[in-house]
Structure formats: C-alpha cells, structure tokens
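Have a look at the structure below before the remarks.
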Amino acid sequence: QVQLVESGGGSVQAGGSLRLSCAASGITSGSWCLVWFRQVPGKEREGVATVDGNSHYDYADSVKGRFTISEDGALKLVYLQLNSLKPEDTAMYYCAADQWYGGNCPSFPVSHRIFRFWGQGTQVTVSS
C-alpha cells in the first residue's frame with residue numbers, strides 16, 4: 001500500500017520561499033514516477049514537477065527556474081523547493097505517485113488521471 005504525506009505548506013509574501021516535503025511509503029521495486037501537482041478551486045490539477053527513480057527531473061514551464069524538485073535517492077522523501085513565489089502560485093499542492101514503465105515520467109502537461117496514489121495536500125498561499 002503506497003502512502004504519501006505532504007507537509008511544509010504555509011503563507012508567504014510574494015518573492016518568498018517554501019519547501020514542501022512528501023514522505024512516501026510502500027514504494028519498493030520497479031520504476032516509479034512522483035509528481036507534484038497543484039490545484040486551485042474550480043480548476044484541474046496542474047502538474048508542476050516530476051521525478052523518477054533515475055533522478056530525472058522535469059518542470060512545467062510556469063515554474064521553471066523558480067521551483068526545484070529533489071529526492072533522497074530512494075523516492076522515500078521528495079521535496080519541492082518553491083522560490084520567487086507569486087500570488088498565482090497559491091494552490092493546494094499534492095504529491096502523487098504511480099509505477100511507470102515508459103522510461104522517464106510523462107512529459108508536461110502531466111495528466112492527474114494517470115496517477116493512482118495521492119497525498120492529502122498542503123496549502124500554499126502567496127500574498128502580494
């Protein structure tokens with residue numbers, strides 16, 4: 001059973017930084033892809049950063065150069081460093097995971113529909 005638990009959200013002013021964490025359990029053998037998504041009310045979940053078991057990272061254009069995804073080498077802890085935050089980054093941020101046999105994680109835009117395992121989310125609020 002895969003379980004994902006996010007933490008680290010909060011309220012910051014524009015230009016500030018936050019570091020989100022995703023603690024993953026139940027990810028054992030095989031190829032996995034972990035993705036940070038975000039969602040604002042009334043909109044679909046948007047993938048912002050991906051990492052796979054080979055430490056290959058990718059980002060949505062909207063966050064490139066500002067967000068950095070990293071992990072502990074075993075996909076047990078996955079981090080998302082959020083820098084130069086903007087009010088439009090305000091959202092609930094989710095960690096999602098699934099087995100992935102196609103090499104690297106799917107390219108952006110990443111569909112939330114293909115991921116079975118989700119955390120409960122952590123809220124990020126950026127004020128102007």
Side-chain angles (χ1 to χ4, degrees):
Q1 181 74 13
V2 175
Q3 290 188 323
L4 305 169
V5 179
E6 304 96 332
S7 60
S11 297
V12 296
Q13 290 191 324
S17 298
L18 284 172
R19 189 193 197 202
L20 308 183
S21 299
C22 173
S25 60
I27 293 179
T28 55
S29 59
S31 300
W32 287 81
C33 176
L34 271 84
V35 186
W36 281 99
F37 285 88
R38 66 185 180 186
Q39 187 174 27
V40 296
K43 291 190 176 181
E44 285 216 346
R45 290 186 183 185
E46 173 195 17
V48 296
T50 65
V51 61
D52 62 26
N54 294 317
S55 297
H56 181 264
Y57 310 135
D58 201 6
Y59 301 91
D61 288 343
S62 58
V63 305
K64 275 183 182 175
R66 300 189 300 120
F67 291 7
T68 303
I69 191 171
S70 61
E71 53 92 19
D72 65 345
L75 294 181
K76 302 298 185 188
L77 283 169
V78 180
Y79 305 101
L80 187 66
Q81 179 69 39
L82 288 63
N83 295 331
S84 302
L85 282 161
K86 305 175 182 179
E88 52 264 42
D89 294 317
T90 295
M92 184 71 80
Y93 283 72
Y94 297 90
C95 179
D98 213 322
Q99 288 185 290
W100 191 253
Y101 299 103
N104 298 334
C105 287
S107 300
F108 286 92
V110 180
S111 172
H112 62 88
R113 295 179 177 87
I114 62 176
F115 288 87
R116 290 176 292 165
F117 305 108
W118 291 84
Q120 82 288 350
T122 186
Q123 177 69 37
V124 171
T125 303
V126 185
S127 58
S128 58

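Annotation: side-chain hydrogen bond (donor to acceptor under 3.5 Å, both in side chains) contacts of Ser17 (sequence neighbours excluded): Asn83. Contacts of Phe115 classified as ring pair (Phe, Tyr, Trp, His ring centres under 6.0 Å), with partners at least two apart in sequence or in another chain: Phe37. Every residue was checked against the side-chain hydrogen bond (donor to acceptor under 3.5 Å, both in side chains) condition with Glu88, not counting sequence neighbours, and none meets it. Partners of Gln120 according to the side-chain contact (heavy atoms from CB on, under 4.5 Å) rule, which considers only residues two or more places apart in sequence or in another chain, are Val5, Glu6. For Tyr94, there are no side-chain hydrogen bond (donor to acceptor under 3.5 Å, both in side chains) partners, not counting sequence neighbours. Annotation: side-chain contact (heavy atoms from CB on, under 4.5 Å) contacts of Val126 (sequence neighbours excluded): Val12, Ala14, Leu85, Pro87, Asp89, Thr90, Val124.
Sorted by first then second residue, the salt bridge (Lys or Arg N to Asp or Glu O under 4.0 Å) pairs that include residues 7-17, not counting sequence neighbours, number zero. For residues 110-124, the pairs satisfying salt bridge (Lys or Arg N to Asp or Glu O under 4.0 Å) are Glu44-Arg113, Asp98-Arg116, with sequence neighbours left out. Residue pairs meeting the salt bridge (Lys or Arg N to Asp or Glu O under 4.0 Å) criterion with at least one member in residues 72-81: none, sequence neighbours excluded. Residue pairs meeting the disulfide (SG to SG under 2.5 Å) criterion with at least one member in residues 31-101, sequence neighbours excluded: Cys22-Cys95, Cys33-Cys105.
Counting Ile, Leu, Val, Met, Phe, Trp and Tyr side chains that sit under 4.5 Å apart, directly or through other members, Tyr79 shares a hydrophobic cluster with Leu77.
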As a quick check of understanding, evaluate side chain to side chain contact (heavy atoms under 4.5 Å, CB included) for Phe117 and Ile27, giving each step before the final call. CA-CA 11 Å; Phe117 305 108; Ile27 293 179; over 6 Å; no

Give the C-alpha distance, both sets of side-chain angles, the deciding distance and a yes or no for side chain to side chain contact (heavy atoms under 4.5 Å, CB included) between Trp118 and Arg45. CA-CA 12 Å; Trp118 291 84; Arg45 290 186 183 185; 3.0 Å; yes

Validation: residues 53-60 side-chain donor-acceptor distances under 3.5 Å, sequence neighbours left out:
{"from": "Ser55", "atom 1": "OG", "to": "Glu71", "atom 2": "OE2", "distance (Å)": "2.9"}
{"from": "Tyr59", "atom 1": "OH", "to": "Ile69", "atom 2": "N", "distance (Å)": "2.8"}

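Closest approach of Ala49 to Leu80, counting heavy atoms only: CB-CD1, 3.9 Å.
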